[in-house]
> 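Below is one structure. I have some questions about it.
Keep in mind the model is a prediction, meaning the values are calculated, not measured.
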Amino acid sequence: MDGRPFNRRQRSIVYQRAKNQRETVAFGMQTDPQAVGNEWAAHSVFPCHIENHDLRTTVGNESCKKPYSLSVFNISAMSYGALSKTAITALNKGAALQNFAHNTGEGGISDYHNNGGDLIWQVGTGYFGCRNSEGKFDAELFREKSNRENVKMIELKLSQGAKPGHGGILPAAKNTPEVAAIRHVIPGTDVMSPPAHSAFSSPTEMMHFIQHMRELSGGKPIGFKICIGDKHEFMDICHAMQNTQIFPDFISVDGSEGGTGAAPLEFTDNLGMPLYDALAFVTKTLIAFGLKKHIKVIVSSRIVTGFDILKVIALGADACYSARGMMFALGCIQALKCNEDVCPVGVATQQPHLYKGLDVNDKYVRVAQFHRNTLRATVEIMEACGFKTLSEVSADKFYRKVDAIRTLSFQEIYFGTEGKLVNSHTDFESKLFED
């Protein structure tokens with residue numbers, strides 16, 4: 001049970017659901033219910049029945065002309081170049097088969113993303129796929145690609161949990177001529193995404209850039225991805241939303257637990273706020289500023305089971321991403337070789353003799369089955385707890401053992417015992433500083 005980053009039990013449940021195999025367990029729980037950190041949900045003596053297992057949320061506020069019905073469980077940002085062409089193809093075809101979304105990662109839209117699956121196009125600091133020769137944002141390239149039918153949402157990447165403030169890395173060995181053509185870079189070179197954006201340098205400029213992207217895309221949902229670091233900076237962004245009256249359609253919150261193919265040890269282990277703390281902070285802040293009604297929250301970081309999904313929903317998320325869960329569905333064995341281009345199962349490599357071993361026709365079905373069976377499991381937990389809809393999933397029904405003698409609800413841990421959140425951003429700021 002102590003495997004890292006994912007233990008054998010977590011990997012096994014993904015493999016079983018992806019293969020449509022028996023996923024029940026025998027002989028009782030293997031976790032220690034008295035261990036600090038153990039989590040559980042309160043079931044109801046009056047379980048309910050939910051007919052529809054296709055859990056979705058609509059992304060798009062009053063400024064959005066083309067809102068999108070998003071599954072609550074989607075493929076997280078993983079670029080072509082980091083992942084192989086067979087892996088990207090299988091992920092996209094799986095998304096098409098089961099009608100959920102596939103985040104492109106910041107590496108741009110490749111031909112392998114065009115296999116019927118809905119895309120969330122991620123635009124990072126390198127502006128790959130929409131950059132000019134100097135590496136700056138190219139509005140016309142962005143207009144052309146963002147208006148493609150399969151691009152349903154656009155995600156502006158500020159930072160990611162595995163390496164916040166560092167930028168992305170594509171090793172030269174993975175930067176083939178094909179990858180370079182997609183990204184508009186020089187092949188055979190190490191490609192570093194800058195830590196910061198060149199298109200804006202302040203929260204207010206960022207809001208205007210989001211509005212510019214919204215107009216160029218024809219009114220599609222525009223959001224941004226962030227790993228929370230300095231709380232004041234996120235609050236400054238919220239102030240900018242209020243002052244400009246420009247509201248992103250969604251915010252993707254990545255926890256510091258998030259994974260990547262390559263990152264410095266110190267960044268992976270020591271920078272960024274963990275997911276639950278970050279999500280609760282974002283939820284409280286958006287509510288305090290009166291912004292939550294405009295913005296949907298998507299989260300990522302170690303989400304592989306139905307229980308994982310419901311925990312983040314309880315803390316304010318509307319939907320979530322899974323990266324490594326989807327990789328396990330493709331056959332990832334957690335070899336921890338993602339940054340060496342020698343992935344033994346052909347997921348994170350550009351070497352033909354390796355990626356050709358990943359059978360797309362087999363794996364895309366497994367991706368779809370993992371999604372379907374995970375949502376089925378999510379619904380079963382909802383039914384057991386008496387939650388008829390996602391809106392009824394609440395923080396006071398989820399519990400964590402915090403020390404040897406105390407168990408507290410998520411409501412008590414993250415939102416306080418008053419049963420409600422603070423009423424204004426002024427109150428919230430003062431409370432934050434007191435803490």
> According to the interplanar angle, ranging from 0 to 90°, do the rings of F73 and F370 count as parallel (below 30°), tilted (30 to 60°) or perpendicular (above 60°)?
perpendicular
> For S159, run the side-chain contact (heavy atoms from CB on, under 4.5 Å) check against D254, I226, T125 and tell me which one passes.
I226
> Testing the basics here: between I303 and S322, what is the closest heavy-atom pair and its distance to 0.1 Å?
O-OG, 2.9 Å
> If the plane angle is over 60° it's perpendicular, under 30° parallel, otherwise tilted; pick one for H239 and F289.
perpendicular
> Checking N74 side chain against S71 main chain: does a donor-acceptor pair fall under 3.5 Å?
yes
> Do the side chain of Y399 and the main chain of D396 share a donor and acceptor less than 3.5 angstrom apart?
yes
> To check you understand the geometry: which heavy-atom pair defines the closest contact between H102 and A95, and what is its length?
CB-CB, 4.3 Å
> With a 4.5 Å heavy-atom cut-off, do K93 and V360 have their side chains touching?
yes
> I'd like to know if the side chain of T204 pairs up with that of S202 as donor and acceptor (distance under 3.5 Å, no hydrogens or angles considered).
no
> Would you please say whether a donor-acceptor pair under 3.5 Å links the side chains of K284 and Y414?
no
> Would you please indicate if the ring centroids of W121 and F142 are separated by under 6.0 Å?
yes
> Please assess E155 against S252 for the test side chain to side chain donor-acceptor pair (under 3.5 Å), listing each intermediate value before the final yes or no.
CA-CA 8 Å; E155 181 178 87; S252 297; 2.5 Å; yes
> Over all heavy atoms of both residues, which pair between L279 and V253 is shortest? Give the atoms and the distance, please.
N-CG1, 4.3 Å
> Atom CD of residue position E149 - does it have more than 12 heavy atoms of other residues, nucleotides or ligands inside 6.0 Å?
no
> Inspect the contact between R214 and D249 and indicate whether a charged nitrogen and a carboxylate oxygen are less than 4.0 angstrom apart.
yes
> Strictly by modelled atom types, are N114 and N150 linked by a side-chain donor-acceptor pair under 3.5 Å?
yes
> Taking atom types as modelled, find out whether H184 and Y127 have a side-chain donor-acceptor pair closer than 3.5 angstrom.
no
